[in-house]
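We name chains A, B, ... by the order of the sequence lines, and we start the count at 1 in each one. All values derive from a computational prediction rather than experimental measurement.
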Number of protein chains: 2
Amino acid sequence: MTADERQKFLDAREEFITRWGVMGTQWGINRTMAQVHALLMTNPEAMSTDEVMEALQISRGNAHTSLKELVGWDLLRIITKKGERKEFFEAEKDVWKIFQAVARERKRREIDPALQVLENCADETKGLKGTDVETFNKQMTELAEFVSLVSSMGDKAANMAQSRAMQMALKILS
Amino acid sequence: MTADERQKFLDAREEFITRWGVMGTQWGINRTMAQVHALLMTNPEAMSTDEVMEALQISRGNAHTSLKELVGWDLLRIITKKGERKEFFEAEKDVWKIFQAVARERKRREIDPALQVLENCADETKGLKGTDVETFNKQMTELAEFVSLVSSMGDKAANMAQSRAMQMALKILS
DNA sequence: CTAATCTTTCAAAAAATACTGAAAATAGGC
DNA sequence: GCCTATTTTCAGTATTTTTTGAAAGATTAG
């Protein structure tokens with residue numbers, strides 16, 4: 001690989017890290033966390049907190065928080081190397097497993113609480129008379145049913161062992 | 001309906017609007033916009049800008065921006081009443097259509113640009129040698145393929161005419 | 001136990017985002 | 001044309017979120 005080719009790679013990787021960060025914010029994920037994820041996902045080796053700080057030019061606190069959060073999402077694993085005292089972080093690279101981890105976490109944090117609100121609102125206004133109450137109750141009921149259906153489809157999809165199974169599903173759907 | 005029952009309804013509706021707003025921020029949507037959506041989705045009549053301002057206690061500028069943005073997402077329609085000069089806004093209430101609108105918009109704004117970045121990054125580093133470049137290229141390629149697959153599944157799902165079709169799909173998947 | 005290394009926390013600062021309100025622009029009626 | 005009702009914009013302000021960096025807390029080795 002020529003120096004020129006290497007530069008192309010470094011540029012592409014930096015572009016990816018930057019863009020992944022911006023995307024993260026659009027999906028309600030913090031920019032740094034997304035960048036740390038992008039960095040580790042494209043690194044052949046596990047990295048230490050200090051290496052991440054250096055690579056992304058961020059503070060220790062910020063690096064620490066993002067790394068631990070990603071471990072909590074099951075997107076990173078903690079590795080200890082023999083003879084080394086510090087922790088190293090290694091990213092899950094299998095795209096299917098990444099998808100599963102993200103889906104699991106979003107369901108737990110967002111879908112499930114939303115469903116509770118919807119079901120509760122539907123319940124509180126069940127059987128009451130009046131145009132506005134009925135509009136409200138109908139909407140809550142339908143949203144609850146729909147979210148529940150989508151959520152359960154998500155579960156099924158996430159439990160497929162292989163991304164290949166999804167290609168099959170795609171075929172069925174078309 | 002007793003005064004007590006009516007209060008229960010008003011409380012439930014307010015709870016829904018508040019919670020939908022918080023949920024919105026978690027999904028990368030602005031709180032006010034989500035609240036305006038919640039308000040109109042549960043209102044039997046179309047509402048004017050002033051009515052929305054009054055109901056949510058927000059400024060004209062804020063109300064205006066949120067309403068127009070929601071129109072851009074196809075989640076609200078503009079209505080004009082005869083004899084009235086101002087615009088009224090009416091929400092799409094069909095949950096399936098709401099889902100389609102959101103999916104369409106997110107795909108356009110987030111998935112498609114992401115896919116471009118991934119494909120471009122994969123392209124720029126195709127065929128280069130070295131552990132790190134190869135790790136990077138492999139990851140970009142796999143992510144691009146995966147995102148493309150999911151996106152295409154989303155398309156198919158969104159094009160189903162009825163939510164009933166999804167229940168069928170769910171059955172197939174289980 | 002002590003010292004060295006590494007991890008975690010968190011108050012304060014910085015940055016990003018959202019909101020207000022008033023002024024400017026637009027559209028309708030006469 | 002002018003007047004009025006309504007919509008749109010946007011600079012300034014307020015709020016929320018993120019980041020820093022230093023101090024406190026752990027953990028391991030000797």
Side-chain angles (χ1 to χ4, degrees), chain A residues 17-40 45-73 76-90 109-110, chain B residues 17-40 45-73 76-90 109-110:
Chain A
I17 291 170
T18 303
R19 297 296 223 99
W20 203 247
V22 174
M23 296 256 323
T25 63
Q26 290 173 330
W27 279 98
I29 286 165
N30 155 313
R31 188 201 315 281
T32 304
M33 186 173 142
Q35 288 185 344
V36 170
H37 184 222
L39 175 70
L40 278 159
E45 301 290 332
M47 292 176 82
S48 68
T49 303
D50 289 78
E51 286 167 336
V52 171
M53 286 166 63
E54 167 64 22
L56 300 178
Q57 291 291 300
I58 58 177
S59 72
R60 180 172 306 283
N62 198 9
H64 175 78
T65 308
S66 301
L67 286 165
K68 284 301 158 92
E69 182 98 5
L70 286 164
V71 170
W73 279 63
L76 299 185
R77 270 180 301 277
I78 296 175
I79 300 284
T80 44
K81 302 189 181 176
K82 54 187 172 186
E84 288 266 23
R85 201 157 137 187
K86 50 170 169 273
E87 294 180 332
F88 289 80
F89 299 86
E90 180 183 66
R109 298 183 189 209
E110 291 153 27
Chain B
I17 291 170
T18 303
R19 298 293 222 100
W20 203 247
V22 174
M23 295 254 325
T25 62
Q26 291 174 330
W27 280 96
I29 286 164
N30 154 313
R31 187 201 315 280
T32 303
M33 185 173 145
Q35 288 185 345
V36 171
H37 184 224
L39 176 70
L40 279 158
E45 302 290 332
M47 293 174 82
S48 69
T49 303
D50 289 79
E51 287 168 334
V52 171
M53 285 166 64
E54 167 63 22
L56 299 179
Q57 291 291 300
I58 57 176
S59 73
R60 181 172 306 284
N62 197 10
H64 174 79
T65 307
S66 300
L67 287 165
K68 284 301 158 92
E69 182 97 7
L70 286 163
V71 170
W73 279 63
L76 300 183
R77 271 179 301 275
I78 295 175
I79 300 286
T80 44
K81 301 188 182 179
K82 54 187 170 184
E84 288 263 27
R85 202 157 135 187
K86 49 171 170 274
E87 294 180 332
F88 289 80
F89 299 87
E90 180 182 67
R109 298 184 187 208
E110 290 153 27

Would you check if B:Ile78 and B:Phe88 make a side-chain contact, meaning some heavy-atom pair closer than 4.5 Å?
no
Inspect the surroundings of CD in A:Glu110 and state if more than 12 heavy atoms from other residues, nucleotides or ligands are less than 6.0 Å away.
yes
Would you give a per-nucleotide map of nucleotides 7-24 of chain C, 5' to 3', where B means the base has a protein non-hydrogen atom under 4.0 Å away, S means only the sugar-phosphate does, and - means neither?
BBB--------SSBB---
Are the side chains of A:Thr49 and A:Glu87 in contact, using a 4.5 Å heavy-atom criterion?
no
Grab the CD-P distance between A:Glu84 and C:dT5 for me, whole Å please.
13 Å
Starting at atom CD of A:Glu69, determine the distance to atom P of D:dT17, rounded to an integer number of angstrom.
14 Å
Sequence neighbours excluded, every pair satisfying salt bridge (charged side-chain N to carboxylate O under 4.0 Å, His left out) that has a member inside residues 51-65 of chain A
A:Asp50-A:Arg60
Tell me, please, which residues at least two apart from A:Asn62 pass side-chain hydrogen bond (donor to acceptor under 3.5 Å, both in side chains).
A:Thr32
